[in-house]
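What follows is one structure encoded as structure tokens, with my remarks underneath.
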Number of protein chains: 2
Amino acid sequence: MNLKELARKLDLSPTTVSRALNGYPEVNAATRERVAEAARRYNYQPNTRAIRLATGRAMAIGHVIPLATRHEIVNPVFADFIAGAGEIYSRNGYDMLLSVVPDDTEERAYRELKSRGTVDGVIVHGPRLNDERIPLLVELGIPFVVHGRATGTESPYAWVDVNNRRAFQRATEFLFDLGHRRIGLINGLEFMDFAIRRRRGYEDALAARGIAPDPEMMVSEEMTEGAGYRAARRMLALPHPPTALIASSMIMGLGARRAVEDLGMKMGRDVSIIIHDDELSYMRNGEDVPIFTATRSSVREAGRLAADMLLGMVQGKLTSPAEHLMEAELIIGGSTGPYRS
Amino acid sequence: MNLKELARKLDLSPTTVSRALNGYPEVNAATRERVAEAARRYNYQPNTRAIRLATGRAMAIGHVIPLATRHEIVNPVFADFIAGAGEIYSRNGYDMLLSVVPDDTEERAYRELKSRGTVDGVIVHGPRLNDERIPLLVELGIPFVVHGRATGTESPYAWVDVNNRRAFQRATEFLFDLGHRRIGLINGLEFMDFAIRRRRGYEDALAARGIAPDPEMMVSEEMTEGAGYRAARRMLALPHPPTALIASSMIMGLGARRAVEDLGMKMGRDVSIIIHDDELSYMRNGEDVPIFTATRSSVREAGRLAADMLLGMVQGKLTSPAEHLMEAELIIGGSTGPYRS
DNA sequence: CTGAAAGCGCTAACAA
DNA sequence: TTGTTAGCGCTTTCAG
């Protein structure tokens, strides 16, 4: 059943039916009702391909994941973020396009996205230090929102992020309060923006206690289990080993735990580990309190928020994200870009 | 730059240009070269929206993730699978659509996919026991490939899977060989097909040793860290506790390790844990040998394979996946569906 | 308030 | 080997 057929059944022109269905004000209320009823009866579904061609909009948002950051997908944060964004898209009739692009092809990928018109906007995942994608997207005129931030970029852009710095500062302080004095950091690669911020939080906490950061206590590696394993092993084998570790991701943390095991040490006695993004790190005395990082529901809200912002930009009816930010304590959204209140 | 403009520059009809660019045989070689050259010079990119409307194809494949299975995304296997599939899509000019759909809306979601024509085919993730999606997709006539299998479904369908049964059988045997006699299974929810197969592998190994499965040694829960934690705690607190655990996912395994820690036990002495999908479970004496499960590269190959099969179905030029299967030892692909050799 | 007509940018018969 | 002519199913002026 397409528009023309439906119109014929109703003895109306396709134009009127289209207008009725799309909520144009000039349609007679009775007519509109009749149209709506018929659309329901015949289970009319507009053909998206035709809409896209006619309007010139793609009705789709791209989520671009650099292959190098593929591991990002494995992050629970990513799943929740995507789920949140997906909600907003489907509510608004948009599709979500996932592209995993090889790092060396990234620029071309964005240019094609633009010239072929497959998406109306993009969510940028895994921002890096001085991320070149941001000026590129600005230049191309593709609306975008960054999941995270890109230190060093001076182009204005919209972003949604969690407070990585504070999370690691708090985690470090927490360990200090427990009596630890030598704390190792097992971090992701420090060209990733979040990793930089996490390190800063860790160092801030050290500084507050008047402790100078020790290079041997800080590892920056790819976020894999193997890297976490090797990092922990190395640190724990030092003449003056750490008594606690902070791991920057679930998967690195798993590796670190495994290293402790292989070294014949005992968790909690010989060494303690705090894992960022670890669900159980939220719990204190059995209560589900977020201690160090964003909760699952707030990450999901971040996804909704980012999608919301982006659709606003795409459709030209922008709103300030400010009120959302109040709701989700751990999420710092913001924009120096095109937002109006 | 669109087709018409390009044609005008070349003093040719849009038809000829289209044919030249799309490799139709009837075009003069010289003309084709001239066209290709011009397309390059003017950086001509065909408008996907127009192609889609004109051909009636969506040029897109949907990956549908039930919200209940959202956690699937967090699985490293998912990331690799997606990355593999994505390769094939982009090589063939297809887009990858990700839809995370609420469980109660799933049927409607598929019907819409069909009637709005947003995708040409679908990859079904997280198949369940007697999965109703399979007959539905067959009924709707949407080409699909299942990532995994659905026990109990008698409609024929194409699928790509890893050998979950064998993986868990081997893991269990491995623990037996190490001297363990009481082994706990921390499994995902057993309406998920993979969880059923894993349990079967575990039970097969027990049976081979003449050991009857003990219900107290088998937990089936949502694949979260909290569930893994609680399951391990409960089992380890039993009067006759297990000396080893097999966890069905990284995230459950992390929870289990945490439980061991909280109970003041020592990994490797008081209890051993094998985690499925755990990168380090591949390593034996430092050598990178897959022991229990699929390797990252074979999962990626599975994604490629599934995408390949699906595109074949979609485009009507089907080929048998048999040869791929030889390459990737741990992947069992197959189809009782529309494949010809 | 409703309709006629043109057009979005491509593809695919059918002619030449 | 190339061109002419209709569409694909919708939206969007412009008239009425």
Side-chain angles (χ1 to χ4, degrees), chain A residues 1-36 38-39 42-60 93-95 112 114-120 315-316, chain B residues 1-36 38-39 42-60 93-95 112 114-120 315-316:
Chain A
M1 170 69 58
N2 64 20
L3 191 66
K4 202 155 67 172
E5 287 164 21
L6 185 62
R8 207 157 19 217
K9 297 255 188 218
L10 284 161
D11 238 333
L12 285 171
S13 74
T15 317
T16 305
V17 176
S18 166
R19 280 197 279 238
L21 259 21
N22 291 305
Y24 282 63
E26 62 263 36
V27 184
N28 183 328
T31 311
R32 189 192 301 279
E33 189 36 57
R34 217 159 59 84
V35 171
Y42 297 108
N43 188 30
Y44 166 71
Q45 298 280 63
N47 183 312
T48 317
R49 295 192 284 267
I51 297 178
R52 293 195 224 255
L53 179 58
T55 60
R57 290 173 307 167
M59 300 300 287
Y94 277 71
D95 288 331
E112 275 198 16
K114 173 69 179 184
S115 55
R116 309 184 62 131
T118 31
V119 299
D120 297 314
Q315 301 174 340
Chain B
M1 170 69 58
N2 64 21
L3 191 66
K4 204 155 68 174
E5 289 164 20
L6 184 62
R8 209 160 15 221
K9 297 252 188 221
L10 284 160
D11 237 334
L12 285 170
S13 75
T15 317
T16 304
V17 177
S18 166
R19 281 198 279 239
L21 258 22
N22 291 305
Y24 282 63
E26 62 263 35
V27 183
N28 183 328
T31 312
R32 190 192 301 280
E33 190 34 61
R34 217 159 60 84
V35 171
Y42 297 109
N43 188 31
Y44 165 72
Q45 299 280 61
N47 182 312
T48 317
R49 294 192 285 267
I51 296 178
R52 292 194 224 257
L53 181 59
T55 59
R57 291 173 307 166
M59 300 300 288
Y94 277 73
D95 287 331
E112 275 198 16
K114 173 70 179 184
S115 55
R116 309 184 62 134
T118 29
V119 299
D120 296 315
Q315 301 173 342

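So you know, we letter chains A, B, ... as the sequences are listed, proteins then strands, and number each from 1.
Listed by residue number, the members of residues 6-18 of chain B with any heavy atom below 4.0 angstrom from DNA chain C are T15(B), S18(B). Near DNA chain D, meaning a heavy atom under 4.0 Å away, the residues from residues 50-59 of chain A are A50(A), I51(A), A54(A), T55(A).
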Donor-acceptor pairs are to be reported for all side-chain atoms of residues 1-11 of chain B against protein atoms at under 3.5 Å, with residues two or more places apart or in another chain.
| residue | atom | partner | partner atom | Å |
| --- | --- | --- | --- | --- |
| N2(B) | OD1 | K4(B) | N | 3.2 |
| N2(B) | OD1 | E5(B) | N | 3.0 |

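Q45(A) pairs by the side chain to side chain contact (heavy atoms under 4.5 Å, CB included) definition with N43(A), E112(B), S115(B), R116(B), not counting sequence neighbours. D120(B) pairs by the side chain to side chain contact (heavy atoms under 4.5 Å, CB included) definition with R57(B), A58(B), Y94(B), V314(B), not counting sequence neighbours. With sequence neighbours left out, the side chain to side chain donor-acceptor pair (under 3.5 Å) criterion links T16(B) to S13(B). Taking the salt bridge (charged side-chain N to carboxylate O under 4.0 Å, His left out) definition, one finds that R52(A) meets it with D95(A), sequence neighbours left out.
Distance OG1/T48(B) to CE/M59(B): 8.0 Å, rounded to 0.5 Å.
Comparing N2(B) and E26(A) along DNA chain C, the residue whose closest nucleotide (by nearest heavy atom) sits nearer the 5' end is E26(A).
A donor-acceptor pair is defined here as one N or O able to donate and one able to accept, closer than 3.5 Å; no such pair exists between the side chain of R19(A) and the backbone of V27(A).
Of all heavy-atom pairs spanning A60(A) and T118(A), the tightest one is CB-O, 3.7 Å.
Each of L21(A), V17(A), V35(A) was compared with Y44(A) under the side chain to side chain contact (heavy atoms under 4.5 Å, CB included) criterion, and only L21(A) meets it.
Counting 5' to 3', DNA chain D first comes under 4.0 angstrom of a heavy atom of chain B and last does so at the ends given by dT1(D) to dG9(D). Where DNA chain C meets chain A (any atom under 4.0 Å from a heavy atom), the bounding nucleotides read 5' to 3' are dC1(C) to dG9(C).
Each side-chain hydrogen bond (donor to acceptor under 3.5 Å, both in side chains) pair with one or both residues in residues 21-30 of chain A, not counting sequence neighbours, appears once here: S18(A)-N22(A).
Taking the C1' atoms of five terminal pairs at each end of the helix from dC1(C)-dG16(D) to dA16(C)-dT1(D), the two resulting helix axes are inclined by 40°, rounded to 10°.
No engagement by R49(B) is indicated, since no non-hydrogen atom pair under 4.0 Å with the nucleic acid exists.
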